[in-house]
Amino acid sequence: MKTFDPVQMAIPFFVVAVFLEILLARLGKTKAHYEPRDTAMSLTMGLGSTIAGLFTAGITFAAALWVYEHRLFTIPMNAVWAWVALFFAEDLTYYWFHRLAHERRVWWASHVNHHTSTHYNLSTALRQTWTGGIAGTWLLWLPLSFLGFPPAMVAIQKGVSLVYQFWIHTESIKRMPRWFEAVFNTPSHHRVHHARNARYLDANYAGILIIWDRMFGTFIPEVDEEPCRYGTVKNLGNFNLLHNVFHEWVGIGKDVVAQPRHALGYIFGPPGWSHDGSRDTSHTLKAKWRARTSAAKAREDTAA
Amino acid sequence: MDKAQIIQLLGSALAIGLMVLLAGWARIARPMPRLTAQGARDLLAVEFPDEPVDAVWIDGDGAGLVARSGDQALVLWRKGDGYVAREAPLSRLSEARLVDGRVRLKLGDGAPRLAVPNGVWPPLELRA
Ligand SMILES: [Zn+2]
Ligand SMILES: [Zn+2]
């Protein structure tokens with residue numbers, strides 16, 4: 001089952017790029033902040049996720065093969081049109097996976113791992129989940145094989161997307177050319193995605209193309225007046241690796257045990273959902289932020 | 001795991017060690033100056049924008065603070081080169097014992113150890 005894996009191929013490049021970003025920041029040539037414990041956590045998460053992936057790769061690939069055996073069409077792996085079609089189809093799948101991973105707690109429990117750093121540098125890109133296999137988000141890619149894309153082809157395109165998303169995890173690039181920002185996911189767009197500022201929550205789910213966010217109404221541009229503050233709404237209280245990996249799973253478990261009648265809400269509701277409304281979700285946080293900004297504006301208007 | 005995978009794993013672990021060492025050597029973490037009264041207010045405004053602040057106590061290291069907001073305690077403490085924010089009932093503060101001039105507040109997944117220079121805990125300004 002050895003196929004070409006773009007992520008494995010790119011690892012040496014990832015390492016060199018992180019070295020360069022640190023050195024250039026040290027020399028004052030670029031903007032980047034690294035905190036050693038944060039860096040260690042991100043990189044260990046990256047290595048651990050490749051190991052965790054080994055355990056589930058067999059099952060997920062077998063599932064894709066089984067679905068492919070019942071496919072609707074037979075799409076050739078060596079046709080350019082097929083790769084073009086898959087590029088768009090996979091990227092659209094990624095958008096919906098990523099949106100689900102933020103808007104439903106059970107999938108957030110796995111994806112939150114990528115968002116726990118309070119830094120935004122190239123090492124943050126490597127902070128990957130260990131529990132994606134358990135969360136089952138890989139099921140979302142099965143329809144592509146059902147359509148007729150060979151599972152190996154889908155796996156390669158998934159890898160290409162992950163490799164693409166590496167370079168956008170940086171503060172050293174402010175903006176790309178306008179046409180590029182309009183079409184592609186960029187450091188600026190993805191900074192917003194990693195921000196915990198209320199105004200930036202739940203935005204820019206793109207993988208490679210930002211067009212999906214623009215189409216489905218989840219695009220929020222980065223504004224210079226409000227710099228991104230990175231991490232999660234409630235930042236982690238320690239640098240414990242296992243806490244980072246499992247904290248949201250444990251949180252779900254505790255809530256379900258405490259409120260079994262509301263289990264579905266605590267599992268499939270949005271992160272922060274509670275049966276008595278005592279916690280904040282990104283919706284309530286955004287509503288409070290809007291109320292604050294309009295109140296501040298009203299004060300300015302009466303003062304003027 | 002075959003031999004190639006084990007070699008790759010060891011190589012990756014070594015690369016991680018080197019990158020972390022480099023990150024430590026470069027000293028490019030965010031600067032973390034001692035908290036001032038103004039700095040404390042600014043932090044509270046960011047982390048608890050909707051909570052009215054009645055009083056603020058800054059710890060002896062200038063690395064943490066506790067604010068009183070009605071019957072709630074708003075706590076912020078330094079973790080790495082940033083701050084972590086947590087909220088707890090004010091009454092919980094008095095559960096913490098002063099040992100060697102410090103209190104350890106248990107706040108779920110975090111437990112800041114705050115310096116109490118004058119040996120008075122809870123601080124007078126935080127008492128309701
Ligand atoms: Zn995300
Ligand atoms: Zn990211």
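Letters go in sequence order (proteins before strands), and every chain restarts at 1. Bear in mind the structure is a predicted one, so any value in this text is a computation, not a measurement.
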Margin query: If we define contacts as heavy-atom pairs under 4.5 Å, which of B:L22, B:V46, B:V84 has the most with chain A?
Written below: B:L22
Check: Hey, which of B:G80, B:G24, B:S12 has the most heavy atom pairs under 4.5 Å with chain A?
Finding: B:G80
Can you tell me which portion of [X] sits under 4.5 Å from chain B's heavy atoms? Options are side chain, backbone, both or neither.
X: A:F14; answer: neither
X: A:L27; answer: neither
X: A:A32; answer: backbone
X: A:L54; answer: side chain
X: A:N238; answer: both

Checklist line | chain A contact via B:W25 - side chain, backbone, both or neither, heavy atoms under 4.5 Å | finding: both
Check: Is it the backbone or the side chain of B:L107 that comes under 4.5 Å from a heavy atom of chain A, or both, or neither?
Finding: neither
Can you tell me how far [atom2] of [Y] sits from [atom1] of [X], rounded to the nearest 0.5 angstrom?
X: A:Y34; Y: B:R30; atom1: OH; atom2: CZ; value: 12.5 Å
X: A:R26; Y: B:R27; atom1: CZ; atom2: CZ; value: 8.5 Å
X: A:L24; Y: B:I28; atom1: CG; atom2: CD1; value: 9.5 Å
X: B:M19; Y: A:L122; atom1: CE; atom2: CG; value: 10.5 Å

Margin query: Taking the side chain as everything from C-beta on, heavy atoms only, tell me whether B:L9 gets closer than 4.5 Å to A:L47.
Written below: yes
Notebook entry, point to check: Side chains of A:R292 and B:P49: closer than 4.5 Å at any heavy-atom pair?
Noted result: yes
In this structure, are over 12 heavy atoms from other groups packed under 6.0 Å from [X] atom [atom1]?
X: B:N118; atom1: CG; result: yes
X: B:M32; atom1: CE; result: yes
X: A:F55; atom1: CZ; result: no

Next item on the list: State whether the side chain of B:K79 and the backbone N or O of A:L236 hold a donor-acceptor pair below 3.5 Å, judged by distance alone.
Entry: yes
Notebook entry, point to check: Taking atom types as modelled and ignoring hydrogens, do the side chains of B:D109 and A:H243 form a donor-acceptor contact shorter than 3.5 angstrom?
Noted result: yes
Note to self: Taking the basic N atoms (NZ, or NE/NH1/NH2) and the acidic carboxylate oxygens, is any pair closer than 4.0 Å for B:E47 and A:R196?
What the structure shows: yes
Note to self: If you compare all heavy atoms of A:P36 against all heavy atoms of B:V20, which two are closest, and at what distance to 0.1 Å?
What the structure shows: O-CG1, 3.8 Å
Next item on the list: Among A:N235, A:I22, A:T39, single out the residue with the greatest number of heavy-atom pairs under 4.5 Å to chain B.
Entry: A:I22
Check: For B:D81, which of A:R37, A:H33, A:H119 qualifies under side chain to side chain donor-acceptor pair (under 3.5 Å)?
Finding: A:H119
